[in-house]
Protein chains: 2
Amino acid sequence: MDYNKTSELLKALGNPVRLQILNGLISSHGCNVNTIVEQLRIPQSTASQHLGILKSRGILTHKKEGVKTCYKVSDKRIEKLLQMFSK
Amino acid sequence: MDYNKTSELLKALGNPVRLQILNGLISSHGCNVNTIVEQLRIPQSTASQHLGILKSRGILTHKKEGVKTCYKVSDKRIEKLLQMFSK
DNA sequence: TTGATATATTGTAATATTACGATATATCAA
DNA sequence: TTGATATATCGTAATATTACAATATATCAA
């Protein structure tokens with residue numbers, strides 16, 4: 001087990017805003033940054049920063065669709081993990 | 001889902017030293033602080049601090065056995081989680 | 001072009017986490 | 001008692017994370 005890599009992944013998950021983002025993306029099967037900004041009522045730059053962190057850990061992928069960008073959860077384990085710890 | 005509580009739990013897991021401690025405790029079915037200190041070659045105060053964090057999140061419990069203290073993983077989900085992400 | 005929209009990046013102050021030495025406390029044995 | 005061992009707590013410097021405004025960039029439509 002690569003403790004550094006695993007801890008980076010878990011550290012990325014250990015933030016309430018990012019958990020909300022992930023939950024939102026999972027339940028809506030992916031969406032753009034603006035939707036997240038509106039749903040969570042956080043500044044756009046904050047959302048973008050958090051998305052960047054999740055992306056850099058391989059938790060999210062994104063796809064440009066014209067002007068918009070669609071993010072979605074690429075790591076299948078995340079959904080299971082969130083279920084395990086949500087309650 | 002309580003985002004703050006869940007993120008606190010995951011944040012506690014998002015540290016390489018704490019992951020090692022947990023892995024050690026799981027594989028050896030609990031042990032005292034000194035064993036951890038020796039195995040990980042970290043200062044005693046550092047180990048104690050990390051154990052305190054894991055304890056405060058309900059991940060570990062401890063039992064005093066004379067002079068020594070035996071820590072063990074009390075949250076059954078942790079083992080499953082570590083398996084999921086160890087590779 | 002220009003303007004509007006969507007997103008990323010940068011700068012920064014506030015806060016949190018980390019590691020670790022020093023010190024405190026608790027237990028047991030002699 | 002005293003000393004040895006085991007662990008916790010404190011103090012603190014270094015580093016990391018956070019939130020957010022300001023600004024940059026990219027895309028599309030008119």
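Each chain gets a letter, A, B and so on, in the order the sequences are listed, and its residues count up from 1.
By the 4.5 Å heavy-atom criterion applied to side chains, Y71(B) and N32(B) are not counted as neighbours. With a 4.5 Å cut-off on side-chain heavy atoms, L22(A) and L13(A) count as touching.
Note on K55(B): nothing from the nucleic acid sits closer than 4.0 angstrom, heavy atoms only. Among the heavy atoms of the strands lying under 4.0 Å from H50(B) are primed sugar atoms or P, OP1, OP2 only; no base atom is included. Nucleic acid contact class of V67(A) (heavy atoms, under 4.0 Å, all strands): base.
Contact between the side-chain N/O atoms of Y71(A) and the OP1/OP2 oxygens of dA6(C) is not found at any separation under 4.0 Å. Taking only side-chain nitrogens and oxygens, N15(A) never comes nearer than 4.0 Å to OP1 or OP2 of dT17(D). Applying the 4.0 Å criterion to OP1 and OP2 of dA16(D), one finds that K11(A) has every side-chain N and O outside that range. Distances shown here put every side-chain N or O of K68(B) at or beyond 4.0 Å from the OP1 or OP2 atom of dA26(C).
Distance N34(B) CG to dC28(C) P: 17 Å, rounded to the nearest Å. The CG atom of L13(B) sits 16 Å away from the C1' atom of dT17(C) (whole-angstrom rounding). Taking atom CD1 of I53(B) as the reference point, atom C1' of dA19(C) lies 11 Å away to the nearest angstrom. Rounded to whole Å, the distance from CG on L40(A) to C1' on dT7(C) is 16 Å. Atom CD1 of I36(A) is separated from atom C1' of dC20(D) by 17 Å (rounded to the nearest Å). Rounded to whole angstrom, the span from the NZ atom of K64(A) across to the P atom of dT5(C) amounts to 16 Å. When rounded to the nearest whole Å, the span between NE2 of H62(A) and P of dT27(D) equals 12 Å. If you measure from atom CD of E38(A) to atom C1' of dA6(C), you get 11 Å, rounded to the nearest angstrom.
For H50(B), the side-chain hydrogen bond (donor to acceptor under 3.5 Å, both in side chains) partners two or more places apart in sequence, or in a different chain, are R18(B).
DNA chain C lies under 4.0 Å from at least one heavy atom of each of the following residues of residues 41-49 of chain B: P43(B), S45(B), T46(B), Q49(B).
Here the side chain of T35(B) pairs no donor or acceptor atom with the backbone of C31(B) at under 3.5 angstrom. Proximity of a side-chain donor or acceptor of T46(B) to a complementary backbone N or O of I42(B) within less than 3.5 Å is not detected. At least one donor-acceptor pair closer than 3.5 Å links the side chain of S7(A) to the backbone N or O of Y3(A). Under a 3.5 Å cut-off, the side chain of T69(A) and the backbone N or O of V33(A) do not form any donor-acceptor pair. Checking side-chain atoms of S48(B) against main-chain N and O of Q44(B) turns up no donor-acceptor pair under 3.5 Å.
Mapping T69(B) and G66(A) onto DNA chain D by nearest heavy atom places T69(B) at the nucleotide closer to the 5' end.
Screening L82(B), I26(B), I21(B) for a side chain to side chain contact (heavy atoms under 4.5 Å, CB included) involving V73(B) leaves a single residue, I26(B).
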Please test K5(A) against E8(A) for salt bridge (Lys or Arg N to Asp or Glu O under 4.0 Å), starting from the C-alpha separation and ending with a verdict. CA-CA 5 Å; K5(A) 189 139 186 283; E8(A) 282 304 307; over 6 Å; no
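Taking five base pairs at each end of the helix from dT1(C)-dA30(D) to dA30(C)-dT1(D), the local helix axes there meet at an angle of 20°, rounded to 10°.
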